Structure formats: structure tokens, C-alpha cells
Trainee: 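Input: one structure, supplied below.
Source: prediction; values computed, not measured. Chain letters run A, B, ... following the sequence lines, proteins first and then strands; every chain starts at 1.
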2 protein chains.
Amino acid sequence: MSSVPSEAATKVERSSLTDTCASGTGPCDEALARAFQFLGKRWNGIILGTLANGTSGFAELRRNVGGIADSVLAERLNELHEAALIIRSVDPGPPVAVSYALSPTGTALVPALQALGAWATSNLPPS
Amino acid sequence: MSSVPSEAATKVERSSLTDTCASGTGPCDEALARAFQFLGKRWNGIILGTLANGTSGFAELRRNVGGIADSVLAERLNELHEAALIIRSVDPGPPVAVSYALSPTGTALVPALQALGAWATSNLPPS
DNA sequence: AGCAGTAACTTTTTTTTTCAAAGCGACTTG
DNA sequence: CAAGTCGCTTTGAAAAAAAAAGTTACTGCT
């Protein structure tokens with residue numbers, strides 16, 4: 001992981017979630033704050049969960065995620081790519097085609113996402 | 001759960017995350033969207049993770065979460081309370097004292113939060 | 001050839017969300 | 001009395017997300 005250049009670290013974000021949480025032994029410690037640096041931004045959890053179903057192009061992902069603005073999807077994909085959670089592959093074509101997939105780091109998140117889904121199934125009323 | 005009046009359901013949200021996700025058997029299904037209805041809003045994951053360490057008052061929670069605006073914390077606590085993820089208890093005092101704790105629904109989320117923390121520890125660079 | 005459609009974004013404007021600061025009433029302490 | 005804390009509420013500014021239109025590069029159809 002330390003070999004991945006983290007350009008996100010050079011972008012000073014207001015109220016960075018990585019500065020939050022009392023140091024403790026409980027679930028809310030620095031690690032959880034780091035997880036929510038991504039997951040606490042609208043759409044990231046859903047995007048990663050959708051990509052867990054398999055590789056997608058931009059438009060397919062937009063349709064499968066459902067309800068996200070193009071510009072927000074583009075920005076999220078860039079951030080997730082820069083953080084090495086997803087892999088962006090370009091087929092030069094023609095026609096040019098771009099596909100997105102979970103990286104190993106992103107894939108490692110899937111069991112936790114599954115746990116979240118299981119929790120919601122058991123604990124949240126259907127909308 | 002079904003005995004809890006869900007006022008959140010009467011508030012039509014634009015781009016509701018519960019309308020997202022292709023139906024599928026993968027992690028991104030309706031259940032995950034429902035989980036991110038809460039967790040995809042900034043601060044909710046951290047708030048729930050902080051409360052997993054034990055009951056807190058408002059000011060203590062604000063300090064322990066770190067970096068959240070009063071007004072946002074107040075609103076988040078109201079939403080989480082309305083969704084029955086937390087319990088709000090009032091000690092009439094004097095002085096009056098309000099405390100917040102995870103409900104059984106909120107508590108059931110803790111293992112998934114722990115999984116997220118473990119993933120971050122193994123997969124995300126320290127900031 | 002022109003047209004319409006799709007993909008993968010980008011740009012602009014509008015709307016919503018979050019932030020920062022101040023405020024309020026109810027207390028406690030020195 | 002003043003100053004501090006608590007648990008919020010209010011206001012206006014800043015940031016993020018949404019909505020809509022746009023661009024380039026194709027493909028397929030008439």
C-alpha cells in the first residue's frame with residue numbers, strides 16, 4: 001500500500017475525516033475514520049458495491065448505480081482510482097472503451113460491504 | 001423494527017440511495033443501498049462508531065467525533081434517532097442532561113464497522 | 001452524405017449539504 | 001456577578017451534489 005502514490009493526501013480537505021475520532025480501542029478509531037474518508041462521501045459505497053458485481057464501463061455503471069450525476073460519477077471514479085481502490089482500463093478501440101474494476105484493495109472491502117448489506121436486510125425497514 | 005414509525009420514509013429525498021443499484025445477488029443490492037442511506041451521509045459512520053465506545057452526551061460526542069459542526073451533529077443525531085439506530089435519553093436534572101447510545105439496531109452494525117476498520121488498517125495508507 | 005444513437009467524459013448553473021460562528025436558555029462554579 | 005458548560009438553534013458562507021447541456025469519437029441506419 002505504501003507503494004501507491006496517494007495524491008489524495010496532497011489535497012487538503014476541510015474537516016478531514018481522518019482527523020476525527022478519539023483514539024480508542026473501539027470501532028471508531030483512526031482506521032474507521034480512514035474507511036469513511038471514502039465511504040462517507042455520497043455514492044462511493046454504492047459504486048464499490050456495484051463494481052463488486054464485475055467490471056463495468058462508465059455508462060453501464062451509471063445505469064447500475066442509478067440516480068448519480070455524470071459529473072459526480074466521473075469525480076468519484078477518479079478519486080477511487082487515485083486511491084487505488086479501483087482499476088481503470090482503456091481499450092484503445094476504435095471505439096475507445098474504458099472499463100472500471102475493483103482493485104485488490106477494493107476487493108478486500110467486499111466482505112465488509114456484504115456485512116453491511118446483511119445488517120440492513122435484518123435491521124432496516126424496506127423503503 | 002416494523003413497530004418503529006419511520007418518518008424518514010415520508011420525506012421524499014432526491015436521488016434517494018434506496019432507489020439505486022441494479023437488482024442482483026452481489027453486495028450492491030437494495031440492502032446495501034439502504035445501509036448507505038445512512039452511512040453515505042457524511043459523519044454518520046463516525047458517529048455510530050464513536051457511540052459504539054459507549055453512551056455520550058452531545059458535547060462529549062462532538063469532541064470525540066472531532067471536526068463536526070454542531071448543527072450537523074444535531075441533525076444527524078435526530079435522523080439516527082428517528083431511524084431507531086440510536087437511543088436518546090433525557091435526565092431531567094438539574095442540570096438537564098441528554099445522552100445518546102446505540103440502539104439494538106445500531107449495535108448490530110458494530111461488527112460491520114469493525115470489518116471496515118480492519119480493512120482500512122490493512123489496505124489504506126495512514127494519512 | 002446526413003442523422004441519431006452511444007460512450008466517456010467536461011462544463012456550467014442551480015440546488016442541497018456542510019461548515020463556522022454566534023446565539024439562546026438552563027444551569028454550575030468561583 | 002462573570003465565566004464556563006450543556007444541548008441545541010439560527011444565520012450566512014463555503015463546499016458538494018444535482019441537473020442539464022456540451023464535446024469528441026465513434027457506430028449504424030437511411
Trainee: What integer distance in Å separates B:Asp91:CG from D:dC6:C1'?
Mentor: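 Value for this atom pair: 13 Å.
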Trainee: Among A:Asp70, A:Asn64, A:Val72, which one satisfies side-chain contact (heavy atoms from CB on, under 4.5 Å) with A:Ile68?
Mentor: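 Considering A:Asp70, A:Asn64, A:Val72, a side-chain contact (heavy atoms from CB on, under 4.5 Å) with A:Ile68 is found only for A:Val72.
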Trainee: Examine distances only and state if a side-chain atom of B:Asn44 and a backbone atom of B:Phe38 form a donor-acceptor pair shorter than 3.5 Å.
Mentor: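 Such a contact is found between B:Asn44 side chain and B:Phe38 backbone.
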Trainee: Take the protein atom CZ of A:Arg76 and the nucleotide atom C1' of D:dA15, then report the distance between them rounded to whole Å.
Mentor: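 Atom-to-atom, A:Arg76 to D:dA15, this comes out as 12 Å.
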Trainee: Give the rounded distance in Å between these two atoms: CD of B:Glu75 and P of D:dG7.
Mentor: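 That distance rounds to 19 Å.
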Trainee: Is any side-chain nitrogen or oxygen of B:Trp43 closer than 4.0 Å to OP1 or OP2 of C:dC19?
Mentor: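 For C:dC19, OP1/OP2 do have a side-chain N/O of B:Trp43 under 4.0 Å.
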Trainee: Would you compute the distance between atom CZ of B:Arg34 and atom CG of B:Leu39 and round it to the nearest 0.5 angstrom?
Mentor: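 Between B:Arg34 CZ and B:Leu39 CG, I get 13.0 Å after rounding to 0.5 Å.
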Trainee: Measure from CD on B:Glu79 to C1' on C:dT16 and round the result to the nearest Å.
Mentor: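 About 13 Å, once rounded to whole Å.
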Trainee: I'd like to check the side-chain contact (heavy atoms from CB on, under 4.5 Å) partners of A:Ser103; sequence neighbours left out, ordered by chain and number.
Mentor: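 Once residues adjacent in sequence are excluded, the partners of A:Ser103 under the side-chain contact (heavy atoms from CB on, under 4.5 Å) criterion are A:Ile87, A:Thr105.
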Trainee: Write out a two-atom table: protein N or O, nucleotide N or O from nucleotides 4-9 of chain C, distance below 3.5 Å.
Mentor:
residue	atom	partner	partner atom	Å
C:dA7	OP1	A:Arg63	NH1	3.4
C:dA8	OP1	A:Val98	N	3.3
C:dA8	OP1	A:Val98	O	2.9
C:dA8	OP2	A:Phe58	N	2.9
C:dA8	OP2	A:Ala59	N	2.9
C:dC9	OP1	A:Arg88	NH2	2.7
C:dC9	OP2	A:Tyr100	OH	2.3
C:dC9	N4	A:Asp70	OD2	2.7

Trainee: Check every atom of C:dC19, D:dA19, C:dT17 against the side chain of A:Ser71 and return the nucleotide holding the closest atom.
Mentor: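 Comparing C:dC19, D:dA19, C:dT17 against the side chain of A:Ser71, the answer is D:dA19.
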Trainee: For B:Asn64 and D:dG7, give me the distance from atom CG to atom C1', rounded to whole Å.
Mentor: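 Nearest whole value for this atom pair: 16 Å.
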Trainee: Start at the 5' end of DNA chain D and walk down; is the nucleotide closest to A:Pro92 or to A:Ala69 reached first?
Mentor: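 This one resolves to A:Ala69.
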Trainee: Can you check the A:Ile68 CD1 to D:dA16 P distance for me, whole Å?
Mentor: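 One finds 15 Å between P of D:dA16 and CD1 of A:Ile68, rounded.
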Trainee: Does A:Arg76 use its side chain to pair, donor to acceptor, with the backbone of A:Arg42 at less than 3.5 Å?
Mentor: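 Yes, because the side chain of A:Arg76 sits within donor-acceptor range (under 3.5 Å) of the backbone of A:Arg42.
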Trainee: With sequence neighbours left out, what residues match A:Val98 under side-chain contact (heavy atoms from CB on, under 4.5 Å)?
Mentor: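 Here the qualifying residues are A:Arg88, A:Val90, A:Tyr100.
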Trainee: Expressed as a whole number of angstroms, how long is the span from A:Ile47:CD1 to D:dA17:C1'?
Mentor: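 The distance from CD1 of A:Ile47 to C1' of D:dA17 comes to 12 Å, rounded to the nearest Å.
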Trainee: Roughly how many Å is it from NZ in A:Lys41 to C1' in D:dA15, rounded to a whole number?
Mentor: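 Checked: the NZ to C1' distance equals 10 Å.
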Trainee: For the atom pair CG (A:Leu85) and CG (A:Leu77), what is the distance rounded to the nearest 0.5 Å?
Mentor: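 Output value for this atom pair is 11.5 Å.
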Trainee: Picking from C:dT18, D:dA17, C:dT28, which would you name as closest to the side chain of B:Val72?
Mentor: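 Side chain of B:Val72 sits closest to C:dT18.
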